[in-house]
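What follows is a single structure, written as structure tokens, with notes after it.
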Amino acid sequence: MLDVALNEIKRGTAEIIDEERIVKLLKAYYDEGKTYTVKAGFDPTAPDLHLGHTVLLQKLAIFQKYGGRIQFLIGNFTAAIGDPTGKSATRKVLTEEDIAKNITSYTTQAFKILDESKTEIVYNKEWLEKLGALGMLQLASNLTVARMLERDDFSKRYASQTPIAVSEFIYPLLQGYDSVHLQSDIEIGGTDQKFNLLMGRQLQKVYEIKKQQAVLMMPILEGLDGVQKMSKSLGNYIGVTDEANDMFGKVLSISDALMWRYFELLSTKTLEEIAEIKSGVENGSLHPKKVKEDLALEITTRFHTEELAHEAKAEFEKVHARSQIPTDVEEFSCEGEIWIAKALVDCKIESSTSQARRDIKQGAVRINQEKISEIDLQLSVGEYVLQVGKRKFAKLKVN
RNA sequence: GGUGGGAUAGUCAAGUGGCCAACGACGGCAGACUGUAAAUCUGCUCCCUAUGGGUUCAGAGGUUCGACUCCUCUUCCCACCA
């Protein structure tokens, strides 16, 4: 029983520090029914969760199955500083209002995956604000600048002459202090958080709370491009709140290599099942596209319904395999004859008339499925389906 | 506080008086090929009903027929010294 739990917990992890501690905690749970706390921090800087976040959330959900109580930490204090992780520039500071709004949408999305009854939402502002200047200084004395600069992103930025704000140095300390205050047993985060996660361990020792958190790191999920990490600002993400059609389409657009990553980190299939599928693809008995469709179905179903997922699949085939016009196309209307380039901009499928001209020249623009090449074309009264490239559609009614 | 270096399109990065809407790379978009995969090849990549016009090279002034390029001030960054 314990092995099953441990295996499930370890699945897909990048690194675990102090695995023994996790084993002990699990044992205490099975033998004495004792629960333990698992901390995970979330920055309320982006209001929408994407699949990258759900990698962590899914792992937390697994802990909930095996006696873990989740400390869902909202970094509403630290958001005012901005975590330097993975950023090449100092982050913008958010207003109170933004943060409050983000938190609400954040948690409702998170509870699509987490068991609310086993989750405690905590805000680090509560205790960090009370820390005071003295407390802050004491905290800061635990760390040397040299040690700080060991951090990969700091040293990179330093080397490339990118500014580093002193406040950014404080960030890992505060995150570590959160673990002291919460007396967390385990903290989980992405591999890019390693420094901060370890800081929690170190500070727990310094502040003598008689335990040091185990650390479990999940790999960073790559975005749709397969190279950079999934993030909203890079625009390579699949959002939890994406429409079923979009979600399905986005999953299907990832590369084959990336698909296996997604299987490992996002699918609920067992590793054995995945290995089987993989060898099936390798020996040619399974078509990779079919496999990817199944993955897309699974993921879409998780955030919508099975029915919607299948509809998305049908829609996808309709549009792409048979190049028909999608069912739901945004509709626009205008008064009087209109120039095609202007029409495309008005329908929001082109960013400027210059861009529209270029695309027309390149044969990327279609009207009612017919490719057009005439830049000066005027649309007279009637209804048209405008299309740019393979995926941008709009209906226009000229009155 | 002192000295020196720097700021160029989404990013990196050329350009040091006219040939600059600005080389190149990456990214992005589109076309061909496909499985809306990858790889590859090709074109495009500031705006404007356009063989032309407009606005750009941190910001504000100035020199000049002409400035991204020279001068002055301002803002921000970096390095060294204190």
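These numbers come from a predicted model, not from an experiment. In what follows, chains are A, B, ... by sequence order, proteins preceding strands, each numbered from 1.
Straight-line distance between the P atoms of B:rU72 and B:rG52: roughly 39 Å, to the nearest whole Å. The gap from the C1' atom of B:rC26 to that of B:rU16 amounts to 26 Å, rounded to the nearest Å. The gap from the P atom of B:rG17 to that of B:rC71 amounts to 12 Å, rounded to the nearest Å. Comparing the same atom, C1', in B:rA25 and in B:rC73 gives a spacing of 36 Å after rounding to whole Å. With both ends at atom C1', the span from B:rC78 to B:rC33 equals 48 Å, rounded to whole Å. Going from the C1' atom of B:rC68 to that of B:rA14 covers 12 Å, rounded to whole Å. Separation of the P atoms belonging to B:rA7 and B:rG15 is 11 Å when rounded to the nearest angstrom. Taking atom C1' in both B:rC23 and B:rG59, the straight-line distance is 27 Å, to the nearest Å.
Distance from the side chain of A:Ser352 is smallest to B:rC48 among B:rG35, B:rG43, B:rC48. Considering only side-chain atoms of A:Lys392, the nucleotide from B:rG31, B:rA30, B:rG35 that sits closest is B:rA30. Among the nucleotides B:rA50, B:rG35, B:rA32, the one closest to any side-chain atom of A:Arg357 is B:rA50. Here B:rU45 is the nucleotide among B:rG35, B:rU45, B:rA50 with the atom lying nearest to any side-chain atom of A:Arg358. Of the candidate nucleotides B:rC33, B:rU49, B:rG35, B:rC33 has the atom nearest to the side chain of A:Lys390. Which of B:rC29, B:rA32, B:rA37 sits closest to the side chain of A:Ser255 comes down to B:rA37.
With ring centers used as reference points, A:Phe77 lies 6.0 Å or more from A:Tyr123. Here A:Phe195 and A:Phe154 keep their ring centres 6.0 angstrom or further from each other.
Pairing of B:rG35, defined by two Watson-Crick or G-U wobble distances under 3.5 Å, is not identified with any nucleotide. Across all strands shown, B:rG66 forms no Watson-Crick or G-U wobble pair with both key distances under 3.5 Å. A 3.5 Å limit on both hydrogen-bonding distances identifies B:rG54 as the Watson-Crick or G-U partner of B:rC46. In this structure, B:rG61 forms a base pair with B:rC71, meeting either the Watson-Crick or the G-U wobble geometry with both donor-acceptor distances under 3.5 Å. Summarising the base pairing, B:rC76 is matched to B:rG6 through a Watson-Crick or G-U wobble pair whose two defining distances lie under 3.5 Å. Under the Watson-Crick or G-U wobble criterion, with both distances below 3.5 Å, B:rA14 is left unpaired in every strand shown.
Within 4.0 Å of A:Lys292, counting heavy atoms only, lies at least one base atom of the nucleic acid. The residue A:Glu350 sits apart from the nucleic acid: no heavy atom pair falls under 4.0 Å. Among the atoms of the strands shown, base atoms are found under 4.0 Å from some heavy atom of A:Gly249. Looking at heavy-atom distances under 4.0 Å, A:Leu258 makes no contact with the nucleic acid at all.
Using a cut-off of 4.0 Å between Lys/Arg side-chain N and Asp/Glu carboxylate O, A:Glu264 and A:Arg11 are scored as not salt-bridged.
Under the 30°/60° scheme for interplanar angles, the aromatic rings of A:Trp127 and A:His181 are found to lie parallel. Taking the six-membered ring for Trp and thresholds of 30 and 60 degrees, A:Tyr29 and A:Tyr36 have ring planes more than 60 degrees apart, a perpendicular arrangement. A tilted orientation is assigned to the rings of A:His50 and A:Tyr237, their planes being inclined by 30° to 60°.
Heavy-atom nearest nucleotides on RNA chain B were determined for A:Asp256 and for A:Arg366, and the one closer to the 5' end corresponds to A:Arg366. For A:Gly389 and A:Pro288, each mapped to the nucleotide of RNA chain B holding its nearest heavy atom, the one lying further toward the 5' end belongs to A:Gly389.
Rounding to whole angstrom units, CD of residue A:Gln355 and P of B:rG43 are separated by 17 Å. Look at CD1 on A:Ile254: it is 14 Å from P on B:rA39, rounded to the nearest Å. For A:Gln228 and B:rG27, the CD to P distance is 10 Å, given to the nearest whole Å. In this structure, A:Trp339 places its CH2 atom 5 Å from P of B:rU49, rounding to the nearest Å. If you measure from atom CG of A:Leu344 to atom P of B:rC47, you get 14 Å, rounded to the nearest angstrom. Across the protein-nucleic acid pair, A:Asp225 atom CG and B:rA39 atom P stand 11 Å apart, rounded to whole Å. Regarding A:Lys361, its NZ atom lies at a distance of 14 Å from the P atom of B:rG43, rounded to whole Å. In this structure, A:Ile360 places its CD1 atom 15 Å from P of B:rA30, rounding to the nearest Å.
Phosphate contact (OP1/OP2 of B:rC46, side-chain N/O of A:Ser354, threshold under 4.0 Å): absent.
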Any chance you could lay out the side-chain hydrogen bond (donor to acceptor under 3.5 Å, both in side chains) test for A:Thr327 and A:Glu315, step after step, and finish with the verdict?
CA-CA 7 Å; A:Thr327 315; A:Glu315 177 75 9; 2.5 Å; yes
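Partner of A:Ile349 under the side chain to side chain contact (heavy atoms under 4.5 Å, CB included) criterion, out of A:Asp359, A:Leu386, A:Val365: A:Leu386 alone.
Side-chain atoms of A:Gln362 stay outside donor-acceptor range of the base of B:rG31, with no qualifying N/O pair under 3.5 Å.
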